Structures are given as structure tokens and as C-alpha cells.
Amino acid sequence: FQDVMQLLEELRELREQPTDPQAEQEIIDSIEEVYFSSDSFDTVQYELEKLPSDLNLLELEEYRDKLKRQQAAVSKRVADLILEKQPSYVKELERVTSLQTNLQLAAVICTNARRQLHAAKEGFTEASLGLLANQRRRQLLTGLLKSLRTIKTLQRTDVRLSEMLEEEDYPGAIQLCLECQKAASTFKHYNCIRWEQLDVALSKTCKHFDVSHYTKVQLAYKLLGKTQTAMDQLHMHFTQAIHNTVFQVVLGYVELCAGNADTKFQKMPYKDLCTHITTDSYIPCLTDLCKALWEVMLSYHLTMQWHDEHYKEEETTPGAGNAEGSDESTVGRSYVKKKLEHGLTRIWQDVQLKVKAYLLGTDVSNFKYDDFIVVLDVISRLMQVGEEFCGSKSELLQESIKRQSVNYFKNYHRTRLEELRMFLENETWELCPVKSNFSIAQLHEFRFMGQCRSPSVSPSRQPESTEPVELCLFEQYLQGGNPFEMQIDNKDEETEDVLASNGYESDELEKSVYQDYDSDSDVPEELKQDYVDEQTGDGPVKSVSRETLRSRKRSDYNAPILTNTTLNVIRLVGKYMQMMNILKPIAFDVIHCVSQLFDYYLYAVYTFFGRNDMYESSGLGLISSRLRTTLSRIQESLINMVSPHASPEERKEKVPSPHLSQLVVLTSSDTLYGLAERVVATESLVFLAEQFEFLQPHLDTTMPSAKKPFLQQFYSQTVSTASELRKPIYWIVAAKAIDYEQMLLLMAGVKWDIKEIMSQHNVYVDVLLKEFEKFNQRLGDVSKIVRIPLPVSNVLWEHCIRLANRTLVEGYANVKKCSNEGRALMQLDFQQFLMKLEKLTDLRPIPDKEFVETYIKAYYLTENDMEQFIKNHREYSMKQLTNLVNVCLGSHINKKARQKLLAAIDDIDRPKR
């Protein structure tokens with residue numbers, strides 16, 4: 001303290017020195033900022049480093065004086081600040097000193113108090129209270145000894161009772177019994193007097209029911225007159241058994257997967273524990289969970305069965321007791337029966353709540369399809385158990401499994417649509433060879449359709465025998481076993497890797513679906529020989545080559561036309577229907593997704609092979625209004641057109657438009673502009689539509705009544721339009737296969753204003769017929785690659801003939817001058833064309849035949865008839881009608897009539913503008 005005071009005196013002296021404040025501030029401002037940078041700044045080192053290489057004494061002294069002035073100014077400023085705070089410092093120092101004194105006093109007081117309390121404890125509390133505690137303990141032990149002696153006497157009472165009965169001292173025996181009962185009731189608070197062991201024996205029947213054990217327990221309660229109490233206790237034990245069972249099963253799997261000795265899981269609530277189940281252990285744990293719950297429900301079922309049989313025996317046993325006892329027994333039976341019946345619903349509700357918590361504890365949206373089907377199978381079987389157990393529809397289970405199924409199915413369907421797009425974009429539209437007896441029922445995914453079963457039962461669990469009455473599950477497994485044991489055991493037998501690209505190599509049944517063209521298994525043995533003598537069997541009559549045999553087989557081959565992608569879609573539909581068949585509540589969601597599979601396939605076929613801007617100008621009505629509406633609906637609802645206004649959710653539910661593989665060439669005339677690929681694509685779509693028609697009754701039975709209009713509209717507006725795609729797709733081939741422009745040029749060179757009737761048709765007819773012959777030949781070449789069904793052939797010929805006939809009319813409409821003999825030549829040309837054409841095709845009647853004949857005959861019409869013709873025949877273009885009027889001018893129509901007819905043509909065309 002003295003040092004501090006001395007320092008303050010020095011600072012005061014320094015402060016009293018006269019200075020100029022402004023000059024002092026200038027000196028402080030002149031100090032370099034580096035001096036204020038940090039506390040560790042070395043000023044000496046800094047100044048020494050600043051010294052120049054050539055030292056000047058005068059400059060050094062001047063610089064030293066400058067530094068001294070700066071130091072003095074800083075010291076004075078510091079002194080001023082310290083002295084300003086001196087009163088506060090002195091006051092605070094006094095407070096600290098006072099506080100120190102008070103603390104020392106408090107420490108002394110506390111020490112004295114503790115010493116006195118210790119002395120009081122030793123001298124009074126421990127001695128006095130210890131004596132009181134010992135006295136109380138002595139009194140308790142004395143009373144206990146007396147009670148034990150009484151209990152010991154009670155234990156020996158049975159010996160004394162036997163002796164008194166032998167002595168025929170009945171009043172004494174009864175008196176002794178009454179005293180024993182009174183004594184027993186007095187000491188019932190002791191464990192040896194309680195009935196806990198009997199209650200434990202009752203609880204054991206909840207998991208493993210044993211008839212003899214349960215009979216003994218019920219008899220004991222009956223002797224005690226506590227039958228109703230036993231029922232109350234029994235239901236409490238069943239509730240506890242359900243909770244303990246599911247908790248232990250789930251806990252075992254959680255700890256096993258956790259792989260450590262952490263015991264935190266044992267203290268978790270059951271609902272939270274379920275969230276720790278891993279994906280790999282989800283199905284085994286669910287199966288074990290259902291197995292354990294089955295044991296509990298089976299025990300309850302057997303308990304009810306025991307009571308029913310027991311009461312029937314009592315009713316049939318004569319002399320069951322007096323009237324009063326009988327009335328009491330009836331009341332007890334009625335209570336037990338109602339209690340057991342009410343317990344059915346209560347126990348099943350507990351089971352549902354436990355399984356629901358387990359189902360919703362894990363996100364199953366990324367499960368494999370097979371694994372999810374197993375989950376549905378297990379829950380479906382559990383719901384069947386519930387229906388047989390208490391007649392419940394299992395609303396809680398249905399709600400939880402529906403939620404999981406919808407979540408799973410949306411994710412699954414989105415992935416499958418992306419896969420379908422990939423398949424379509426890599427599809428080369430080559431024929432996938434299958435046998436002529438191919439049926440979707442041969443595919444693994446549709447095996448469930450051939451099995452009759454309850455809607456709530458898994459397809460893979462249906463008994464093979466066709467007995468008229470099927471035993472319920474509780475009867476089937478009464479003697480042992482478990483309805484959930486076959487779940488994992490049969491998994492390998494029931495399923496295959498259906499999510500593989502096609503997966504046909506591993507399935508022998510589906511191997512048999514495919515046709516082996518090189519196999520001669522269905523050819524008679526004699527035809528396999530090199531030569532056969534029809535008379536003796538020895539001499540060669542006709543050599544039959546292997547190629548000839550194969551060509552015969554191919555010509556007789558009438559198998560469906562489909563591709564690998566078509567099979568993939570069919571298999572997907574089968575998988576969807578499996579899920580829908582097991583879980584009816586999501587039937588509409590599944591069928592909606594099934595419709596999207598068909599929609600996308602149809603849209604892809606149309607986009608790849610049928611989209612063309614020339615349709616509207618053809619005037620042939622190639623795309624019906626129904627088909628146009630369907631395509632627009634698919635594009636709006638399913639196809640992602642990369643709209644900037646679309647929400648992320650909308651984009652998520654849509655699929656990009658597919659693109660045709662670059663390996664598919666549709667521009668080569670040698671292949672009839674990809675006719676083989678077009679046939680495979682279009683006819684595979686038609687085949688797919690036929691399969692959907694086949695599945696319609698099954699889909700209709702599973703569809704909710706309120707949603708059936710959707711299914712009907714899907715079939716009437718979409719499935720039925722598949723065959724309508726033939727017209728636009730094959731029209732492109734027909735439009736390019738024959739050179740119609742060349743025919744127009746040849747017709748333009750014909751002279752039609754001749755004066756005599758000709759007997760020879762024009763050259764353009766022969767050229768056109770040669771084009772048709774060439775088309776027929778190329779059509780035959782394509783048919784060697786892929787079978788061309790009759791409807792396809794008819795559509796192709798119809799398009800070609802229609803286009804040819806319309807080209808003829810267009811050529812006749814280009815005529816500037818024409819005589820009556822010229823009209824006759826036109827008819828001759830057309831009749832020659834028809835005669836030769838009918839030899840090339842079996843299509844009858846010839847399309848648009850009347851279209852040409854009517855136009856040619858219109859040249860002979862009078863003015864009034866011509867006006868009526870113009871109004872009635874709007875299928876002809878304005879140019880064709882105008883040319884008809886102009887050519888007739890001068891022969892039988894004058895200029896005034898011409899103006900009138902042209903005005904009529906203009907009136908017809910005006911509404912189109």
C-alpha cells in the first residue's frame with residue numbers, strides 16, 4: 001500500500017508540472033501507431049532496427065529527445081487518468097478490506113456451530129433414539145414370534161383334525177376348523193397365507209394352454225369361491241402377456257442388430273423401440289411377432305373352448321346341486337361367458353395396436369417387391385386370424401397397411417414407369433418368339449388367378465386340395481404348428497427374382513413359353529428322314545430339306561406378336577394385381593397405376609410410329625375423335641412436357657416422353673419403311689389390349705363400387721382404341737410404298753378430249769398396277785420376318801387402294817379438256833385397274849371404289865343435278881369440284897350456270913374458313 005501511495009505522489013508531482021494541453025496532444029499524436037499494436041511489442045528492438053547504417057550523433061540526440069518528450073507526454077496522460085480514478089480506487093479497497101474481515105468472522109462462527117452439533121449428536125440423538133429403535137424392534141419381533149407359533153399350530157391342524165375325526169369328535173373338529181379359518185384370516189397379510197402362487201399358475205396359461213393345468217387352477221378358484229375374480233385376473237394376464245411378448249421379440253431383434261451390450265433399449269417405450277428395427281430384420285421380426293401373438297390368441301381360444309365344454313358337462317350331469325347352488329352357478333357362468341366374449345374384442349384390439357406400431361415404425365417404401373409381398377402376406381394372414389378369432393374386420397391393421405402400401409406403391413410405380421421408359425427407348429421392336437398356346441396364366445405373376453381363396457388370404461397360401469369345407473386356422477393348428485411358420489420356409493419356392501430385367505432363364509415354366517424355331521419336336525419322324533418312298537418306304541420320292549421344314553413351321557406358326565417390353569408390362573400388371581388382390585383398400589390406386597402402364601405403352605407406340613402432320617390433309621379420318629381425346633388425356637396427365645409452370649409434385653408424378661431407339665430405321669424403302677417394326681409394335685399393343693380385356697372381370701371384382709366408372713371409362717376410352725392405332729401407323733407405309741406422284745405425272749400426259757371411244761387403257765394404269773405388285777412382293781418379304789395378321793394386311797391394302805383412288809380422282813381433276821369419249825376412257829382405265837387389283841388382294845369391297853366412279857359419272861350431270869351433286873358430295877375438294885364445273889363448260893353447262901355452280905362451291909367452302 002505504501003508503494004502505491006508513493007507512486008501516486010510521483011504521479012501527482014508529474015501532473016503538477018506546467019504543460020500546454022494542445023502541445024501535449026500533438027506529441028501523443030506524433031507517436032507511431034506500432035507502439036500501440038500489442039503488449040508484446042519490443043520497443044527497443046524496433047528502435048534499434050530503425051537506426052541508419054551511418055550514425056550521426058546530433059541526429060541521434062535529437063531523436064532521443066523526441067522519444068523522451070513522447071514518453072513524458074504519455075506518462076503525464078497516464079498519471080492524469082490514474083489520479084482521476086484514485087477516489088474510487090481508495091473506496092473499493094476499503095470495501096475489500098471490510099469484506100475480508102467479515103469472512104474471517106463467519107468462518108469462526110461456522111466452526112464453532114459444527115463442533116457443538118457433533119457434541120449434541122453423540123450425547124443425545126444417537127444414544128436416545130437408538131434405544132427407542134431397539135425397543136420397537138423388540139416389540140415387533142415378539143409379535144412375530146407369537147404369530148409364527150400360531151401359524152405353526154395351523155400347519156399341524158390337519159393332523160389334529162384327522163385324529164378328532166377318527167375319535168368321531170365331529171363338533172370339536174368343526175370348532176377347530178372354524179378357529180383355524182378365523183386364525184388364517186387374521187394372518188392373511190403374510191405371504192405364506194396369500195394366493196400368489198395360484199395367480200402365477202393362472203398367468204402361465206396365457207402363452208401355453210394346458211388342459212390339465214388349467215382344470216386344476218379353475219377347480220382351486222372354485223373351491224375358494226373366486227371364479228369371477230379368476231376371470232378378471234385372467235384377462236389382465238392376457239393383456240400383460242401380449243405386451244411382454246411383443247416387447248421381448250422386438251427387443252431381441254433390436255439388440256441383435258445393434259451389436260453391442262447397450263441396455264438403453266430395455267427402457268424404451270415399445271413404439272420407439274419399433275423404429276430401431278433394421279430393413280434386413282424387419283420381415284423375420286414381423287413373422288416371429290405374429291407367431292408369438294398367435295400363441296397368445298390360441299391360448300385364449302382354447303380357454304373359451306374349455307369353458308364351453310365344461311359348462312356343457314355340468315348341464316348334462318344329473319344332480320349338479322340344490323336349487324340355490326344351481327342359481328349361483330348360473331350367475332357365475334353367465335358372468336364368465338360375457339367376460340370371455342368381451343375379452344375377444346379387447347385382446348384383438350391390443351394385438352392390432354401392437355402390430356400397427358410395428359408396421360408404421362419402419363419406412364418400407366424402398367423394400368424389394370418380393371419382400372413387400374411377404375409383409376402383405378403376413379398381415380393378410382393375421383387379419384384372417386382376427387376375423388376367425390372375433391369376427392373383426394381389422395380396421396386398424398387395414399388402415400396402417402394401406403398407408404404403408406400406398407406409400408410403397410407410389411414409389412414402386414414411379415420406378416417402374418422410369419424402367420418402362422428405358423425399355424421402350426432401347427426396344428428394337430423385334431419379335432419375341434412365343435408358342436401359339438401362350439397365355440399370361442403361364443407367367444408366374446398370374447398364378448394366383450387360378451387359385452380360389454378368400455380375399456384376405458395370400459395367393460401363395462391357398463391349400464391345394466379342393467375340399468368343400470375348409471377348416472379354420474384354429475382348427476388346423478390346434479394340435480401344433482403355426483400359420484406363420486410357412487411364410488419364410490416357402491419363400492424360395494414361391495417367388496423368383498421378378499425384378500430382374502426379364503428373368504426367363506431361371507423359370508422352366510416360362511422357358512416353355514418360348515418357341516424354338518430350330519426344334520423339330522413337332523415334326524413327324526418320317527419327315528425327318530432324307531427321303532421317303534410313299535409306296536414302299538424305300539425309294540426316294542421327294543427330298544425334304546431342313547429349311548423347307550422350318551419354312552413350313554413358320555408358315556403355320558400363329559403365335560401372338562409381342563416384344564420383351566410387352567412381356568415386361570404384362571408381368572408388371574401381374575405384380576400389381578397380386579398386391580391389389582391381397583390388399584383390397586388400395587385397389588383403386590393400383591388399378592389407376594395399371595392404367596398408366598397401358599397409357600404409356602400406347603402413347604409410346606403412337607409417338608414412335610404414328611405421329612405425322614399429313615393426317616389432317618389426307619381427309620381419310622385416320623385418327624378418330626375418341627383416339628385423339630385419349631392421346632391428349634395421356635399427354636396432359638402422364639407425360640412430362642417440361643412445363644416451367646408445373647409444380648415439383650406434378651413433375652414427380654409424370655414421365656418424360658420416350659424417344660425411339662436409333663437402331664430402328666423407318667426411312668428405308670427396302671424394309672417398307674420399317675413395316676416389320678411397325679407390325680411388332682402395333683400388334684404387341686393390340687395383344688396387350690386383349691390381355692387387359694381378359695383381366696377386366698378380375699379387376700372389376702376388386703374395384704370399389706364408387707370407382708367402377710373409372711375402370712369402365714378406361715376400357716371404353718383407352719383399351720378399345722388400341723386397334724385404332726393401326727390406321728395412322730400403317731398409313732405412313734402406304735403413303736410412301738407407292739409412287740403416287742409418278743402416277744399424277746403420267747395422267748397429266750394423257751389426252752382426254754378424244755373424239756372416238758378407245759378400247760385400250762392408258763399406260764399409267766399398268767404402272768400403278770406394277771407398283772401394287774411390287775408392294776405385294778415386298779409385303780411377302782416382310783412376312784418372312786414377322787407374321788402379318790389379316791387385319792394388318794387389310795389395313796395396309798385399304799390405305800394403298802384409298803390413296804390410289806384419291807390420286808386417280810386428283811389426276812382426273814387436273815384435266816383441262818375432256819370429251820364424252822374421254823370420260824369413257826377414264827371408266828375403262830378404272831375398270832382395268834379394279835380387275836387387276838382384285839387378283840392381288842382379297843380385300844372386298846374395294847375401298848373408295850364409289851369415290852372414283854361417282855366423280856367420273858358426275859361429268860354427265862345436268863346443271864340442276866350438278867348443283868345437287870355439289871351440295872351432297874362434300875368429300876371432294878374445292879379444286880376437284882371446280883374442275884368438274886370448268887371441264888363441263890361448253891358441252892352441257894353454259895357460263896351463267898358455271899357462275900351459279902362456282903358460287904355454290906364457294907358457299908360450301910365458306911364455313912370451313
Side-chain angles (χ1 to χ4, degrees), residues 1-130 260-265 267-269 272:
F1 181 74
Q2 292 178 355
D3 294 339
V4 172
M5 296 304 297
Q6 183 177 358
L7 176 63
L8 290 174
E9 289 295 331
E10 293 177 356
L11 292 174
R12 190 177 290 108
E13 293 175 359
L14 184 63
R15 188 181 182 188
E16 290 175 353
Q17 294 177 4
T19 57
D20 183 3
Q22 184 176 358
E24 181 182 332
Q25 185 62 40
E26 290 178 356
I27 293 173
I28 292 175
D29 292 340
S30 66
I31 299 174
E32 297 181 39
E33 291 186 3
V34 70
Y35 279 91
F36 306 102
S37 59
S38 65
D39 295 338
S40 60
F41 176 66
D42 189 348
T43 55
V44 176
Q45 182 69 23
Y46 176 74
E47 292 298 338
L48 290 175
E49 290 177 353
K50 284 176 57 179
L51 292 175
S53 55
D54 296 331
L55 300 176
N56 189 319
L57 184 59
L58 292 176
E59 291 178 355
L60 286 175
E61 288 179 349
E62 290 178 2
Y63 187 67
R64 184 192 61 183
D65 295 339
K66 177 184 176 183
L67 290 176
K68 283 184 176 182
R69 288 193 298 273
Q70 291 177 348
Q71 183 184 13
V74 170
S75 299
K76 187 174 184 307
R77 180 64 58 85
V78 171
D80 292 343
L81 293 174
I82 291 175
L83 291 175
E84 285 178 6
K85 303 295 182 180
Q86 182 185 3
S88 300
Y89 168 75
V90 173
K91 185 177 180 181
E92 190 66 27
L93 190 60
E94 290 175 353
R95 289 181 59 193
V96 169
T97 303
S98 175
L99 180 61
Q100 183 179 5
T101 304
N102 292 336
L103 287 174
Q104 290 174 351
L105 179 62
V108 172
I109 293 172
C110 287
T111 303
N112 293 334
R114 286 181 179 177
R115 188 182 303 111
Q116 293 173 4
L117 281 173
H118 183 69
K121 178 182 177 183
E122 291 180 348
F124 174 75
T125 307
E126 290 184 354
S128 301
L129 296 182
N260 54 36
D262 193 353
T263 58
K264 66 177 182 179
F265 298 117
K267 299 179 181 179
M268 273 190 181
D272 296 338

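The model shown is predicted, which means the values in this text are computed figures rather than measured ones. Residues: numbered from 1 along the sequence shown.
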Checklist entry - Can you name the nearest heavy-atom pair linking Q70 to S30, along with the distance? => result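 For Q70 versus S30, the nearest heavy atoms are NE2-OG, 3.3 Å.
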
Item to check | Smallest separation among heavy atoms of I27 and R69, with atom names | outcome: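 Heavy atoms only, the tightest pair is CG2-O, 3.7 Å.
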
Checklist entry - Salt bridge between R95 and E92, side-chain N to carboxylate O under 4.0 Å? => result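 A salt bridge is present here (some side-chain N lies under 4.0 Å from a carboxylate O).
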
Next on the checklist: Check this for me: does any side-chain nitrogen of one of R64 and E59 sit under 4.0 Å from a carboxylate oxygen of the other?
Outcome noted: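 Result for this pair is no, no salt bridge flagged.
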
To the nearest 0.5 Å, what is the distance between [atom1] ([X]) and [atom2] ([Y])?
{"X": "T43", "Y": "L48", "atom1": "OG1", "atom2": "CG", "value": "9.0 Å"}
{"X": "L51", "Y": "N56", "atom1": "CG", "atom2": "CG", "value": "12.0 Å"}
{"X": "S98", "Y": "L93", "atom1": "OG", "atom2": "CG", "value": "11.5 Å"}
{"X": "I28", "Y": "I31", "atom1": "CD1", "atom2": "CD1", "value": "6.0 Å"}

Checklist entry - Are the side chain of S75 and the backbone of Q71 linked by a donor-acceptor contact shorter than 3.5 Å? => result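 Present.
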
Next on the checklist: Under the side chain to side chain contact (heavy atoms under 4.5 Å, CB included) test against V78, which residue among D80, L81, I82 passes?
Outcome noted: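 Only match with V78 under side chain to side chain contact (heavy atoms under 4.5 Å, CB included): I82.
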
Checklist entry - Of the options E26, Q25, E24, which is the one that meets Q22 in a side chain to side chain contact (heavy atoms under 4.5 Å, CB included)? => result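 Per the side chain to side chain contact (heavy atoms under 4.5 Å, CB included) rule, the option paired with Q22 is E26, out of E26, Q25, E24.
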
Item to check | Candidate pair Y63 and K68, rule side chain to side chain donor-acceptor pair (under 3.5 Å), full reasoning | outcome: CA-CA 9 Å; Y63 187 67; K68 283 184 176 182; over 6 Å; no

